[in-house]
Amino acid sequence: MIGWPPFGLAARILCACCVLVAPLAVAQDTARRSGYQDMGRSLQAMQDDDMANPAMLWVQEGAALWTRRAGSADKSCADCHGDVGGMAGVAARYPAFAAGLGRPVDLEQRINLCRTDKQKADALADESRELLALAAYVARQSRGRPIAPPDDARLQPFIAAGDALYRRRQGQLNLSCAQCHDDNAGRKLGGATIPQAHPTGYPIYRLEWQGLGSLKRRLRNCLVGMRAEAYGYDAPEYVALELFLLSRARGMTLESPAVRP
Amino acid sequence: MGHALVNVPASVKRGDAFEIKALIAHPMETGFRPGPNGVLLPRNIIQRFTCTYNGVEVFSLTLSPAIAANPYIAFFTVATESGSLTLRWTGDKDFMAEETVPITVTA
């Protein structure tokens, strides 16, 4: 593509200069913002109150699943991991490298690895109620903690792949993720504020979905929005993008399970 | 199915108003949306919500198809006697969910 070299040092300096001469409102956008900060007060209150946050219905189900035995090993999550309090901070460091597979896996895939390898049970379907419930229950234990992707050299090529994907134009609209979420974040797309794409609260209860969904589902949404063909749920592209986005959001506070419009 | 989250304060002073918050998992399918095959999905909503306090109805609500999935209902009532609150949701496809929570009233 013409005029879009890889996002090297020169491009970064160029962008920094653009921001410096831009009006103050745009300059403020250089600070990282969670989607939470761009929501209305009523939605923020909905997320903050565990009694009003509908994602807590999934957390409640996850708590029941945590101690339910499954598979031919007849083990529950709690039989190995013990009290769920021990999972605090786990969701903040996923996706992580799975040595057995030689590639990184995200939290949902990790749960399914546990199911197939340790519980000897069938993997839960992607975006199924049970899988989201367990992911929400585990992620809930990390709420308030900073996002802390592991400093793992084995992850570097995957983060780089995610970075490249983030900046690659695709779909009939010929858009890259970066064109909305870096170049135009904070501005409007239709009636909605374009967020900076920091995955601070997954899995999220999205009002548009009327249900809980994973980061993968959100990424598929964006792909469909730019009229690209979404990858299959098991595609490595999602994990690469998730890794890149989480390394970009390093240090931001995890809000899982969050509410988003 | 029909799992719900109900929250009431642990204890309330007699004569004081207190808030009851209730959240229930339900698809609230409107009956106006076509499914993947183009045929309308049958309506599946909660039609009625009632709350009884020691057997006396203190709050009720008729729900419509325009209400979103997983409806959240919050309302107030005045504390009279210790006892229990029974919340009941009924709807299409013989949907019925019931939650009973204790309430302690202090003098």
Side-chain angles (χ1 to χ4, degrees), chain A residues 39-68 84 124-137 140 143 201 203-214 217 220 224 230 256-261, chain B residues 1-12 17-36 41-46 49 51 59 61 63-77 85 87 89 91-92 95 97-103:
Chain A
M39 302 198 298
R41 290 216 326 257
S42 57
L43 274 187
Q44 292 182 347
M46 192 182 192
Q47 174 177 320
D48 293 339
D49 181 358
D50 277 356
M51 277 302 131
N53 185 340
M56 288 303 154
L57 292 166
W58 278 259
V59 172
Q60 185 194 35
E61 188 173 339
L65 289 171
W66 185 257
T67 51
R68 187 177 301 164
V84 75
L124 297 165
D126 291 307
E127 297 301 303
S128 64
R129 203 181 159 83
E130 290 88 357
L131 185 56
L132 289 169
L134 276 171
Y137 187 53
R140 173 71 180 82
R143 186 186 259 189
I204 57 166
Y205 187 90
R206 196 166 180 224
L207 300 188
E208 186 184 314
W209 296 335
Q210 306 253 306
L212 205 70
S214 68
R217 182 171 176 191
R220 288 172 70 88
V224 170
S256 307
V259 175
R260 292 289 183 271
Chain B
M1 248 253 312
H3 59 282
L5 288 169
V6 179
N7 179 256
V8 295
S11 74
V12 201
F18 64 98
E19 191 173 28
I20 299 146
K21 298 174 181 176
L23 183 66
I24 188 163
H26 196 281
M28 293 296 282
E29 185 58 57
T30 63
F32 300 110
R33 297 195 311 160
L41 297 166
R43 193 185 80 169
N44 178 19
I45 65 165
I46 298 171
F49 169 78
C51 174
F59 181 87
L61 179 70
L63 289 91
S64 73
I67 292 173
N70 309 317
Y72 169 66
I73 301 166
F75 56 96
F76 288 84
T77 190
L85 290 151
L87 291 83
W89 297 258
D92 295 333
F95 179 81
E98 195 174 270
E99 290 282 329
T100 302
V101 288
I103 178 86

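Every heavy atom of this structure was used, including side-chain atoms; hydrogens, water molecules and symmetry mates were not.
Annotation for Q210(A) and A69(B): closest pair OE1-N, 2.7 Å, computed over non-hydrogen atoms. Smallest separation of non-hydrogen atoms from D49(A) and K21(B): OD2-NZ, 2.9 Å.
Contacts from residues 53-60 of chain A to chain B, taken as heavy-atom pairs separated by less than 4.5 Å, involve N53(A), P54(A), M56(A), L57(A), W58(A), Q60(A) in sequence order.
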